[in-house]
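Single-structure report; data block below.
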Amino acid sequence: MNIAELNATAQAMVAKNRGILAADESSGTIKKRFDSIKLQSTEESRRTYREMLFTAAAAQAYISGVILYDETLRQSTRAGEPFPAYLTKHGMVPGIKVDLGAKPLAGFPGETMTEGLDGLRERLAEYRKLGAKFAKWRAVIDIGSGIPTQYAIDANAEGLARYAALCQEADIVPIVEPEVLMDGAHDLARCEEVTNAVLDSVFSHLFAARIALEGMVLKPNMVISGNECPRQASPEEVARATVRTLKRQVPAAVAGIAFLSGGQSPTNATLHLSLMHASGPLPWPVTFSYGRALQEDALQAWAGQEAKFAGGQQAFAKRAKLNGMASVGAYQASMESAA
Ligand code: 13P
């Protein structure tokens, strides 16, 4: 393990004014996204879509790194340049999703455990050769009646810690992503309580597994009302509760925090991030690692049509820029129409 290299990579991933594009949708998930624009999901349509995002020159100043899917890591631009080489050349760190998805946790109805540890050491060695400098593993915690259980929280935290150890052994920065879902009727306080418990378990397992916090990035959910909760907390309440929870649970040595968007609208995800910075200095770099909230506008503008390739890039660049501003607390809602 080379801590200096891990730390340098992690710092580049959370560099000022920039954040991470999560473009690591599995073939099943990207099919759902393409269904919304009535586009057939083929190896070539997926490649074209990713090329549209990665080569949007006006977005590149705001994108520090890109999370790729196994298929995408092996694909190339139309000009024949492998995506990892293209991204590196343009100052964006290439990364790879390595988990194999959340599967039902035996004995715990309604809960899941993320799989993918078997053979991970060998897969990481290959990914590193293909150019990946960081990895991502997503654990999923659902809030509902009687869940999450402490057992499911701890099992997922242990999975994250074992994954992170294998990454650091291979000089790959682990993005540690414990996602508390926003599905359900629970309120902000319940999300805060669960997020606290999850982060507490995650950091105690990371400590036990001897993870170098300086060489990892945390990708948490924001503390937010469930999407069916009758009273939706205000953006200011979300920002306050999220910062309070992270300050209680995340050691200052962690190289950076990059949020998932988790189903928030693009404008909400941008606004929440900006308000967190507006509330005062934070002990870690805090930025975005959005999938849906960064891609939604671009996907709709592109609509799978070659004639709209440049339009998709413009929409992506606008959203990337607004998030870049949010990552330093400089976003205003009025910029939505101007940018
Ligand atoms: P969302 O921002 O769409 O939640 O995706 C981020 C991600 O990488 C989920 O694993």
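Each ligand, and each atom within it, is numbered from 1 in the order the structure gives. Residue numbers start at 1 and run along the sequence shown.
- A donor-acceptor pair shorter than 3.5 Å cannot be found between the side chains of Tyr331 and Asn323.
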field: Arg138/Glu25 under salt bridge (Lys or Arg N to Asp or Glu O under 4.0 Å): CA gap, chis, key distance, verdict
entry: CA-CA 12 Å; Arg138 173 174 176 257; Glu25 297 85 0; over 6 Å; no

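- Residue Tyr290 approaches ligand 1 through these ligand atoms, each under 4.0 Å from one of its heavy atoms: 2 (O).
- The ligand atoms of ligand 1 that sit less than 4.0 angstrom from a heavy atom of Ser289 are 6 (C).
- Ranking the protein heavy atoms by distance from atom 9 (C) of ligand 1 puts Glu177 OE2, 3.2 Å first.
- Of all protein heavy atoms, the one closest to atom 5 (O) of ligand 1 is Gly291 N, 3.5 Å.
- Considering each of Met182, Glu25, Arg292, Lys219, the one bringing a non-hydrogen atom nearest atom 8 (O) of ligand 1 is Lys219.
- At the top of the distance list for atom 2 (O) of ligand 1, counting protein heavy atoms only, stands Ser261 OG, 2.5 Å.
- No path of Ile, Leu, Val, Met, Phe, Trp and Tyr side chains, each step under 4.5 Å between heavy atoms, connects Leu322 with Leu260, placing them in separate hydrophobic clusters.
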- prompt: Where do Trp137 and Glu177 land on the side chain to side chain contact (heavy atoms under 4.5 Å, CB included) test, with the steps shown first?
  reply: CA-CA 6 Å; Trp137 176 288; Glu177 180 180 9; over 6 Å; no

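- Between Gly262 and ligand 1, an N or O atom pair is found at a separation short of 3.5 Å.
- Within ligand 1, counting atoms from 1 as listed, the ones closer than 4.0 Å to a heavy atom of Arg138 are 9 (C), 10 (O).
- Here Glu169 does not pair with Arg210 in a salt bridge; the nearest charged N to carboxylate O distance is not below 4.0 Å.
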task: Walk me through it: do Phe54 and Tyr86 pass the test ring-ring contact (aromatic ring centres under 6.0 Å, His included)?
output: CA-CA 8 Å; Phe54 304 163; Tyr86 176 89; 7.8 Å; no

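- Backbone and side-chain nitrogen or oxygen atoms of Ala22 are examined, and none is located within less than 3.5 angstrom of a nitrogen or oxygen of ligand 1.
- Across Glu296, Glu179, Lys136, heavy-atom proximity to atom 10 (O) of ligand 1 is greatest for Lys136.
- Heavy atoms only, all atoms of each residue included: Pro148 and Val194 are closest at CG-CG1, 3.7 Å.
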